[in-house]
Amino acid sequence: MMLYEQIYDVVRQIPPGRVASYGQVARLVGGCTARMVGYALAALKRSKESESVPWQRVINRHGKISPHGDGFGSLMQRERLEAEGVVFGEDGRVDWQTFGWLEEK
DNA sequence: CGGCTGACTCTGG
DNA sequence: TCCAGAGCCAGCC
């Protein structure tokens, strides 16, 4: 099984209304880095998997959405998360204590 | 087979 | 607190 498939599988386990960081996903997959996760998600847009993987629930370590696409994709990501109940602070950050999938430590 | 492309995280100044 | 640089690797032409 390709590494990307394993990453997608972990992302699919994130429940609605919750978010996880690239590093946490990488940790769960094991043997891969946060950057690998970012690369895998970037590859999603040119894959059919994009329809079945909740990529919007993966954000960076600072609780913010990393700029990607034309800077337009990140906006869509925020819209999707807010639709699930995730709330962004004034600085555009998410509260890990409230919306983090696994407790951030 | 060689080169190009990315949605991160950490560390030091 | 903010910014720049380094480390790093699978997929797809």
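Reminder, nothing fancy here: chain letters follow the sequence lines and each chain counts from 1.
Geometric assessment of A:Arg78 against the ring of A:Phe88 yields a positive cation-pi assignment under the 6.0 Å and 45° thresholds.
Contact annotation: the side chain of A:Glu49 never approaches that of A:Trp55 to less than 4.5 Å [non-hydrogen atoms, C-beta and beyond].
Hydrophobic cluster membership is shared by A:Val25 and A:Leu102, with clusters built from Ile, Leu, Val, Met, Phe, Trp and Tyr side chains linked at under 4.5 angstrom. Hydrophobic cluster membership differs between A:Phe72 and A:Met76, with clusters built from Ile, Leu, Val, Met, Phe, Trp and Tyr side chains linked at under 4.5 angstrom.
When DNA chain C is scanned in the 5' to 3' direction for atoms under 4.0 Å from non-hydrogen atoms of chain A, the outermost contacting nucleotides are C:dG7 to C:dC12.
If you check C:dA6 for Watson-Crick or wobble pairing at under 3.5 angstrom, you find it paired to B:dT9.
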Run the salt bridge (Lys or Arg N to Asp or Glu O under 4.0 Å) test on A:Arg57 and A:Glu84 for me, step by step, so that the C-alpha distance in whole Å, both residues' side-chain angles and the decisive distance to 0.1 Å come before the verdict.
CA-CA 10 Å; A:Arg57 297 178 194 146; A:Glu84 294 184 350; 2.8 Å; yes
Between A:Val19 and A:Val58, is a side chain to side chain contact (heavy atoms under 4.5 Å, CB included) present by the stated rule, with each step listed?
CA-CA 6 Å; A:Val19 295; A:Val58 182; over 6 Å; no
Starting from the C-alpha separation in whole Å, work towards a yes-or-no answer on side chain to side chain contact (heavy atoms under 4.5 Å, CB included) for A:Phe99 and A:Leu81.
CA-CA 10 Å; A:Phe99 303 105; A:Leu81 288 176; over 6 Å; no
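Note: NE2 (A:His62) to P (B:dC10) measures 8 Å, nearest angstrom. One atom, OH of A:Tyr22, and another, C1' of B:dT9, lie 12 Å apart when rounded to the nearest Å. In this structure, CH2 of A:Trp96 is placed 13 Å from C1' of B:dT9, rounded to the nearest angstrom. If you measure from atom CG of A:Leu75 to atom P of B:dA7, you get 16 Å, rounded to the nearest angstrom. Nucleotide B:dG6 holds its P atom 19 Å from the CG atom of A:Leu3, rounded to whole Å. Atom CD1 of A:Ile65 and atom C1' of B:dA7 are 10 Å apart (whole Å). For the pair A:Trp55 CH2 and B:dA7 C1', the interatomic distance rounds to 9 Å; values are reported in whole Å. What separates CG of A:Asp70 from P of B:dT5 is a distance of 16 Å, to the nearest Å.
Within residues 34-50 of chain A, the residues having any heavy atom closer than 4.0 Å to DNA chain B are, in order of number, A:Ala34, A:Arg35, A:Gly38, A:Tyr39, A:Leu41, A:Ala42.
A residue-by-residue look at A:Met1 and A:Thr33 shows that A:Thr33 has its nearest nucleotide of DNA chain C further toward the 5' end.
Of the possible donor and acceptor atoms, none in the side chain of A:Arg12 sits under 3.5 Å from a partner among the backbone N and O of A:Val53. Side-chain N or O atoms of A:Gln56 include none that pairs as donor or acceptor with a backbone N or O of A:Ser74 at under 3.5 Å.
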